Each structure stands twice: as structure tokens, then as C-alpha cells.
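Note that the structure is predicted; figures quoted are calculated from it, not measured.
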Amino acid sequence: MPTTDLTKETFDDVVTGSEIVLIDFWAAWCGPCRVFGPVFEKAAERHPDIAFGKVDTEAQPELAAAFGISSIPTLMAVRDRTVLYAQPGALPPQALEELIGKVRAVDMDAVRREAAGAAGN
């Protein structure tokens, strides 16, 4: 599945409409972003069941600000509308594949129980 350019108008629909979403916060002037872009695109082709979105931080500063993005590229992994991973830095292909495997393996029921417990404190 190809990557999707995310905007403030489309972001919520993509995140709520997909079980797993990987989001690449990037900018055209960013050298590491240009290196990571093809890695992200190839992963999108290998995992058609995952939504891969790209947020151009120059064109979508509101989205970047909403997630506190201060360094790019930043990769965010969202599953069931819960952010499981958000780290700056360009990942090599193998590390991205490992992250995808870890996101798939997360017990979301346990995550929700933990979140509910933390909210009750």
C-alpha cells in the first residue's frame, strides 16, 4: 500500500480508520528525512495491512506542534488510536521491521488496562 500524505483534515480519519498506523514526520530540506523516505516507502509496500502516513512538518505545522515534534525525522507508531512509539531519528530497514513486529505483538488489552489504572490514580 502506498504512503498517504497526512494533513490536519485527513489525520483523524486515517488514525481512527486503521488498526496500525506508522507516521513519518519529515521535511523536504532534511537530509536524514530524505534517506529514511525510501525505507519507509518500501516498508509500506511490504505491509499492506498497515497505514503508512507522512506529515510534512513545513506544510502541516499544526500537526507537528500537536505531537510536540521538535526533531525530524520522527517516527510514530499508533495502534488502536494509542501511540506506542514516538522517537526521532531515521531507522535502518531492519530496525523498522523489528519495530513493526513489536507493534503487532503488543497486547492492546493490557495497554488499555494499564491506561485505565493510571487514569484512576
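- Taking the side chain as every heavy atom from C-beta outward, Met76 and Leu22 never approach each other to under 4.5 Å.
- Note that CD of Glu9 and CG of Leu63 are 8.5 Å apart. Values are rounded to the nearest 0.5 Å.
- Minimum interatomic distance between Ala28 and Arg34 (heavy atoms only, all atoms of both residues): O-NH1, 2.8 Å.
- Residues Glu58 and Trp29 meet the side-chain proximity criterion, which asks for heavy atoms closer than 4.5 Å.
- Under the 4.5 Å side-chain criterion, counting only non-hydrogen atoms from C-beta, Arg112 is in contact with Asp80.
- In this structure a side-chain-to-backbone donor-acceptor pair under 3.5 Å is present from Thr7 to Thr10.
- Smallest separation of non-hydrogen atoms from Arg79 and Leu84: CB-CD1, 3.6 Å.
- With hydrogens and angles disregarded, no donor-acceptor distance shorter than 3.5 Å links the side chain of Gln87 to the backbone of Thr74.
- A distance of 11.5 Å separates OG1 of Thr57 from CD of Glu62, quoted to the nearest 0.5 Å.
- Summarising the geometry, atom NE2 belonging to His47 is positioned 8.0 Å from atom CG belonging to Asp49; distances are rounded to the nearest 0.5 Å.
- Side-chain contact between Tyr85 and Val78: absent, with no pair of heavy atoms (C-beta onward) separated by less than 4.5 Å.
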Practice task
Decide yes or no on salt bridge (charged side-chain N to carboxylate O under 4.0 Å, His left out) for Asp12 and Arg81, but give the supporting numbers first.
Solution key: CA-CA 9 Å; Asp12 287 339; Arg81 295 171 295 287; over 6 Å; no
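- When side chains are defined from C-beta on, Pro73 does not count as touching Pro88, because their heavy atoms never get closer than 4.5 Å.
- Looking at heavy atoms from C-beta onward, Leu75 lies in side-chain contact with Phe40 at the 4.5 angstrom threshold.
- Smallest separation of non-hydrogen atoms from Arg104 and Ile20: CG-CD1, 4.0 Å.
- Between the CD1 atom of Ile23 and the CG atom of Leu6 there is a distance of 6.0 Å, given to the nearest 0.5 Å.
- The two residues Pro32 and Ala90 make their nearest non-hydrogen contact at O-CB, 3.9 Å.
- No side-chain donor-acceptor contact under 3.5 Å links Thr4 to the backbone of Gly53.
- By the criterion of side-chain heavy atoms lying less than 4.5 angstrom apart, applied directly or through intervening Ile, Leu, Val, Met, Phe, Trp or Tyr residues, Ile100 is not grouped with Val14; the two fall into different hydrophobic clusters.
- Val55 has its side chain within reach of Phe25: a pair of non-hydrogen atoms, C-beta onward, lies under 4.5 Å apart.
- Relative orientation of the Phe67 and Phe11 rings is tilted, given thresholds of 30° and 60° on the angle between their planes.
- The two residues Val83 and Ala86 make their nearest non-hydrogen contact at CG1-CB, 4.2 Å.
- Ion pairing between Lys54 and Asp24 holds under the 4.0 Å rule for side-chain N and carboxylate O.
- By the 4.5 Å heavy-atom criterion applied to side chains, Val21 and Ile50 are not counted as neighbours.
- A side-chain donor from one of Thr3 and Glu41 sits under 3.5 Å from a side-chain acceptor of the other.
- Interatomic distance, Arg113 CZ to Met108 CE, rounded to the nearest 0.5 Å: 11.5 Å.
- Across every non-hydrogen atom of Ile72 and Cys30, the tightest pair is O-SG, 3.7 Å.
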